[in-house]
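I have placed the structure first, in the form of structure tokens, so that the comments after it can refer back to it.
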Amino acid sequence: MVIYQIFTRLFGNRNTTRKEWGTIAENGCGKMNDFDAATLKRIKAMGITHVWYTGVIRHASQTDYTHEGIPSQHPDVVKGRAGSPYAITDYYDVDPDLAVDVPNRMAEWESLIARTHAAGMKVIMDFVPNHVARQYHSTCKPAGVRDLGEDDDCNMAFSPSNNFYYCWGCPLDLSQIAPQSDYQEVPAKATGNDRFDNCPGRNDWYETVKLNYGIDYCDAGGRSEHFSPTPDTWIKMTDILLFWASKGVDGFRCDMAEMVPAAFWAYATSRVKKAYTDMIFIGEVYDPWQYRTYIASGFDYLYDKVGMYDCLRAIICGQRRAADITAQWQQTDDIRDHLLYFLENHDEQRIASDFFAGDPWKAIPAHIVSCLLRSNPYMLYAGQELGERGMDKEGFSGCDGRTTIFDYWSLDSLQHGYGDLRRRTAQERELFALYQKVMLIAENEKAVYAGSTFDLMYVNPQLADRQFAFLREMQGELLLVVVNFANEQVTTHVTIPSHAFDHLQFVEQEIGAKELLTDAKCTFNLRRDEAVPVEVPANGGVVYKMKIKKAMADYQLNEHNKEEFPPAHTAEHLLNQLMGRMFGCERSNNAHIERKKSKISFIIDHKPTRKEEKAIETEMNRLIAEDMPVTFEYVDRQHLPAEVSLDRLPEDASETIRIVRIGDYDVCPCIGKHVRSTAQIGRFELLGTNWDEEKHSFRIRFKIVQ
């Protein structure tokens with residue numbers, strides 16, 4: 001899944017006047033109709049699966065549309081001539097700036113959705129749940145819908161029945177923003193960034209007001225929740241989501257999701273997904289400690305801004321080591337499929353700006369890592385693939401390294417990239433081609449979109465500062481990816497550890513490889529714990545693809561499920577050996593090994609005493625505590641270890657046999673999954689036993705506690 005974020009107002013604008021603080025008449029504005037079939041085909045060809053059209057819902061603006069029946073906005077509570085797309089004035093309307101025919105703006109949006117789908121891509125749109133514009137008033141709401149705030153008791157600072165918070169008895173004071181302002185708001189509503197007094201400052205979100213989801217932020221005892229009965233805001237905002245879902249959009253990017261209670265998201269997402277089962281929700285959540293809470297509340301993906309974005313940015317700028325990527329993905333490994341990686345968006349500075357890297361090429365290794373390290377989504381911001389610098393001084397948005405979201409403007413990079421392609425510079429062509437190649441690898445290589453990842457950094461300390469290396473594998477297709485954040489080309493040697501062979505289940509081999517970014521070919525000699533030479537360009541990377549020989553064919557060495565819980569499965573090996581040593585019996589042929597509870601039977605000469613049963617549990621936990629290594633080797637049938645008998649193998653076992661060793665204690669043929677050492681098993685608890693006198697079968701029930 002690769003999302004292309006487009007600031008819709010800018011994308012198709014071909015006006016090059018670019019007057020600071022210019023009006024729409026002076027500087028022009030992109031339209032929804034600019035996304036014709038040819039443009040969408042170009043976007044799709046990059047490997048894009050989803051387009052996020054940013055700024056579609058009508059928001060506060062200084063442009064006058066009163067002749068179209070659209071209420072005007074006071075300039076003192078609008079940021080910039082064009083206004084912020086996150087200061088919504090009507091949740092049920094489309095922004096008129098984006099329409100060629102303003103009265104038919106909703107039809108133009110519906111047509112764009114249809115064209116995007118026809119081009120083979122899905123549509124994401126904004127949902128801004130935390131705040132609205134100061135002068136919010138819906139003129140397009142469906143019949144019977146009550147407007148936000150329409151039924152509020154503004155004499156109450158907080159009421160769970162209100163949609164807004166009020167500074168009771170106090171007018172809004174804009175003296176820090178517009179000292180001579182004649183804007184009137186009595187009583188003042190709380191400001192969108194959780195400012196609950198009547199005097200916002202210039203750095204506040206003063207153009208917005210906070211929505212009330214049933215939390216009293218100013219309660220004397222601290223924040224208190226009032227979620228029963230269901231707050232009116234919950235119902236109204238869920239209805240808004242359902243309204244836009246009915247237009248055919250495929251997902252919502254939810255602005256500042258963590259400023260809205262998780263309980264609301266559980267309520268809203270469940271209702272929307274019940275009606276539209278394939279709908280996705282992407283949340284802007286900056287607190288990693290809350291990631292799992294919001295995922296549990298129905299979010300499919302969350303921005304990993306304070307995680308991977310901050311890490312990669314610091315590496316690009318030489319402030320952190322490349323090896324820190326490992327620690328970053330490990331912290332969120334349990335929710336890895338839910339994280340959205342990105343390097344730019346409308347809030348962040350452009351990579352090529354003087355405030356970030358000053359050079360678009362320096363982001364290429366981070367782009368490769370973001371796209372190929374995992375199977376989770378990646379987001380590209382329009383212009384990033386063309387080296388957009390974001391160094392314009394547009395008006396409300398000064399020269400800050402960001403592309404404005406407040407002003408009417410246009411970008412040469414987007415004009416070259418999607419308007420007149422003949423005007424592309426050599427750098428734009430080369431950069432675009434490289435971005436495209438990486439994203440197409442993510443889209444087309446099954447090792448990336450569905451495969452396993454193996455981080456190689458723990459055995460390659462020589463790479464730690466400016467290089468990063470990992471493997472991806474799926475069904476015999478292996479990718480070796482090495483990136484270089486340094487400004488000079490490097491030739492390094494990348495070790496492939498034994499554990500990678502075992503984990504990805506391939507054998508030592510000499511094999512041909514193709515480098516997917518350049519089509520260069522070479523041969524690698526893959527040996528356990530040995531290095532392969534790799535040459536990596538400055539600020540770049542290599543992606544070598546190999547068709548490897550797998551370690552195992554589809555054969556079965558026992559009757560156990562291949563997907564067993566590794567700690568319990570490893571404990572089974574120990575228990576088999578222990579029972580043989582204690583009672584002189586054969587390994588079990590009757591076992592059911594599961595995460596919650598396991599059962600295993602042995603044929604022995606007598607019913608064990610309670611003392612012997614206790615000894616089994618005690619000895620198992622002693623063996624686990626020894627932390628014996630669990631290792632693997634592959635042999636043919638003619639070279640089995642002496643401890644392994646041929647009669648223990650099924651008749652259809654392949655010629656290549658996988659042998660599992662637990663220290664010097666146990667050896668056994670097995671294709672199941674195991675832990676790396678016995679200490680990772682956990683505690684062995686014997687839950688009970690059964691004795692069958694006729695068969696002399698002793699049944700053990702146990703579980704693993706971690």
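These values consider heavy atoms only, across backbone and side chains, with no hydrogens, waters or symmetry-generated copies. Each residue takes its place number in the sequence, starting with 1.
Between the side chain of Arg472 and the main chain of Val448, a donor-acceptor pair closer than 3.5 Å is present. Looking at Asp173, its side chain does come within 3.5 Å of a backbone N or O of Ser175 through a donor-acceptor pair. Using a distance-only test at 3.5 Å, with no hydrogens or angles considered, a donor-acceptor pair links the side chain of Glu344 to the main chain of Ile351. In this structure, Ser397 contributes its side chain and Phe406 its backbone to no donor-acceptor pair below 3.5 Å. Judged purely by atom type and a 3.5 angstrom limit, Arg350 has no side-chain atom pairing as donor or acceptor with the backbone of Pro360. A donor-acceptor pair under 3.5 Å is formed between the side chain of Asn460 and the backbone N or O of Leu456. The backbone N or O of Ile335 sits nowhere less than 3.5 Å from a side-chain atom of Thr332 that would complete a donor-acceptor pair. A donor-acceptor contact shorter than 3.5 Å is absent between the side chain of Thr208 and the backbone of Ala87.
Ion pairing between Arg58 and Asp93 holds under the 4.0 Å rule for side-chain N and carboxylate O. With respect to the salt-bridge test (charged N to carboxylate O, under 4.0 angstrom), the residues Asp194 and Lys210 qualify. One finds no salt bridge joining Arg402 and Glu348 here, because no Lys/Arg side-chain nitrogen approaches an Asp/Glu carboxylate oxygen to under 4.0 Å. The existence of a salt bridge linking Arg202 and Asp204 is excluded, since no basic side-chain nitrogen approaches an acidic carboxylate oxygen closer than 4.0 Å. Between Asp334 and Arg336, no side-chain nitrogen of the basic residue sits less than 4.0 Å from a carboxylate oxygen of the acidic one, so the salt-bridge criterion is not met.
For His131, the ring pair (Phe, Tyr, Trp, His ring centres under 6.0 Å) partners are Trp205, not counting sequence neighbours. By the side-chain hydrogen bond (donor to acceptor under 3.5 Å, both in side chains) test, Glu445 is found to be paired with Lys545, residues two or more places apart in sequence or in another chain being considered. Evaluation of the ring pair (Phe, Tyr, Trp, His ring centres under 6.0 Å) rule for Tyr408 yields no partner, not counting sequence neighbours.
Between the side chains of Asp90 and His59, no donor-acceptor pair is found at a separation under 3.5 Å. A donor-acceptor pair shorter than 3.5 Å can be found between the side chains of Thr233 and Asn163. For Asn13 and Ser410, the side-chain atoms include no donor-acceptor pair closer than 3.5 Å. In this structure, a donor-acceptor pair under 3.5 Å is absent between the side chains of Arg321 and Thr326. Using a 3.5 Å distance cut-off with no hydrogens or angles, the side chains of Glu388 and Ser413 do pair a donor with an acceptor. In this model, no donor atom of one side chain and acceptor atom of the other lie less than 3.5 Å apart for Trp21 and Asp407. Looking at Tyr206 and Asn193, their side chains never bring a donor and an acceptor atom within 3.5 Å of each other. No side-chain donor from either of Arg81 and Thr63 sits under 3.5 Å from a side-chain acceptor of the other. With hydrogens and angles left out, the side-chain atoms of Tyr4 and Glu385 include a donor and acceptor closer than 3.5 Å. A donor-acceptor contact closer than 3.5 angstrom is absent between the side chains of Asn484 and Asn539. Side-chain contact, Ser353 with Arg389: no donor N or O sits under 3.5 Å from an acceptor N or O. A donor-acceptor contact closer than 3.5 angstrom links the side chains of Trp409 and Asp392.
Less than 6.0 angstrom separates the ring centroid of His226 from the ring centroid of Phe158. Checked against a 6.0 Å centroid threshold, the rings of Tyr217 and Phe196 count as neighbours. Checked against a 6.0 Å centroid threshold, the rings of Tyr303 and Phe342 count as neighbours. The distance between the ring centers of Trp244 and Tyr92 does not fall below 6.0 angstrom. In this structure, His346 has its ring center at least 6.0 angstrom away from the ring center of Phe7. Taking the ring centroids of Tyr291 and Phe299, they lie at or beyond the 6.0 Å cut-off. Between Phe264 and Tyr213, a ring centre-to-centre spacing shorter than 6.0 Å is recorded.
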Pair Asp310-Arg313, salt bridge (charged side-chain N to carboxylate O under 4.0 Å, His left out): steps then yes or no: CA-CA 5 Å; Asp310 282 353; Arg313 173 169 179 152; over 6 Å; no

Salt bridge (charged side-chain N to carboxylate O under 4.0 Å, His left out) between Asp219 and Arg223, intermediate numbers included: CA-CA 6 Å; Asp219 192 2; Arg223 291 171 51 161; over 6 Å; no

Worked check of side chain to side chain contact (heavy atoms under 4.5 Å, CB included) between Gln73 and Ser61: CA-CA 6 Å; Gln73 304 289 308; Ser61 168; 5.7 Å; no

Pair Tyr166-Asp152, side chain to side chain donor-acceptor pair (under 3.5 Å): steps then yes or no: CA-CA 10 Å; Tyr166 297 90; Asp152 280 8; 2.8 Å; yes

Thr404 vs Arg9, side chain to side chain donor-acceptor pair (under 3.5 Å): CA-CA, chis, key distance, verdict: CA-CA 10 Å; Thr404 182; Arg9 181 198 301 153; 5.8 Å; no

Pair Thr403-Leu10, side chain to side chain contact (heavy atoms under 4.5 Å, CB included): steps then yes or no: CA-CA 9 Å; Thr403 295; Leu10 298 180; 3.3 Å; yes

Test log, rule side chain to side chain contact (heavy atoms under 4.5 Å, CB included), inputs Thr8 and Phe11: CA-CA 5 Å; Thr8 318; Phe11 188 89; 6.0 Å; no

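Judged as a side chain to side chain donor-acceptor pair (under 3.5 Å), the pairs with a partner in residues 261-275 (not counting sequence neighbours) are, in order, Lys273-Asp300. Legend: ring pair (Phe, Tyr, Trp, His ring centres under 6.0 Å) pairs involving residues 270-289, not counting sequence neighbours, sorted by first then second residue: Phe252-Phe281.
Considering only heavy atoms from C-beta on, Gln467 stays 4.5 Å or farther from Val483 through its side chain. Contact check for Phe468 versus Met457: side-chain heavy atoms found under the 4.5 Å cut-off. Considering only heavy atoms from C-beta on, Leu434 comes within 4.5 Å of Ile364 through its side chain.
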Side-chain donor-acceptor pairs of residues 46-56 under 3.5 Å, sequence neighbours excluded:
{"unit_1": "Thr49", "atom_1": "OG1", "unit_2": "Val2", "atom_2": "N", "d": "2.9"}
{"unit_1": "Thr49", "atom_1": "OG1", "unit_2": "Val2", "atom_2": "O", "d": "3.2"}
{"unit_1": "Trp52", "atom_1": "NE1", "unit_2": "Thr54", "atom_2": "OG1", "d": "3.3"}
{"unit_1": "Trp52", "atom_1": "NE1", "unit_2": "Asp126", "atom_2": "OD1", "d": "3.2"}
{"unit_1": "Trp52", "atom_1": "NE1", "unit_2": "Asp126", "atom_2": "OD2", "d": "3.4"}
{"unit_1": "Tyr53", "atom_1": "OH", "unit_2": "Thr116", "atom_2": "OG1", "d": "2.8"}
{"unit_1": "Thr54", "atom_1": "OG1", "unit_2": "Gln5", "atom_2": "NE2", "d": "3.2"}
{"unit_1": "Thr54", "atom_1": "OG1", "unit_2": "Ile6", "atom_2": "O", "d": "3.3"}

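Within a 6.0 Å radius of CG in Asn203, no more than 12 heavy atoms belonging to other residues, nucleotides or ligands are found. Within 6.0 Å of NZ in Lys393 there are 12 or fewer heavy atoms belonging to other residues, nucleotides or ligands.
Applying the salt bridge (Lys or Arg N to Asp or Glu O under 4.0 Å) test between Arg374 and each of Asp304, Asp455, Asp337, Asp333 identifies Asp333 as the sole match.
Cation-pi geometry between Lys79 and Phe396 is not met: the NZ or CZ atom fails to fall both under 6.0 Å from the ring centre and inside 45° of the normal.
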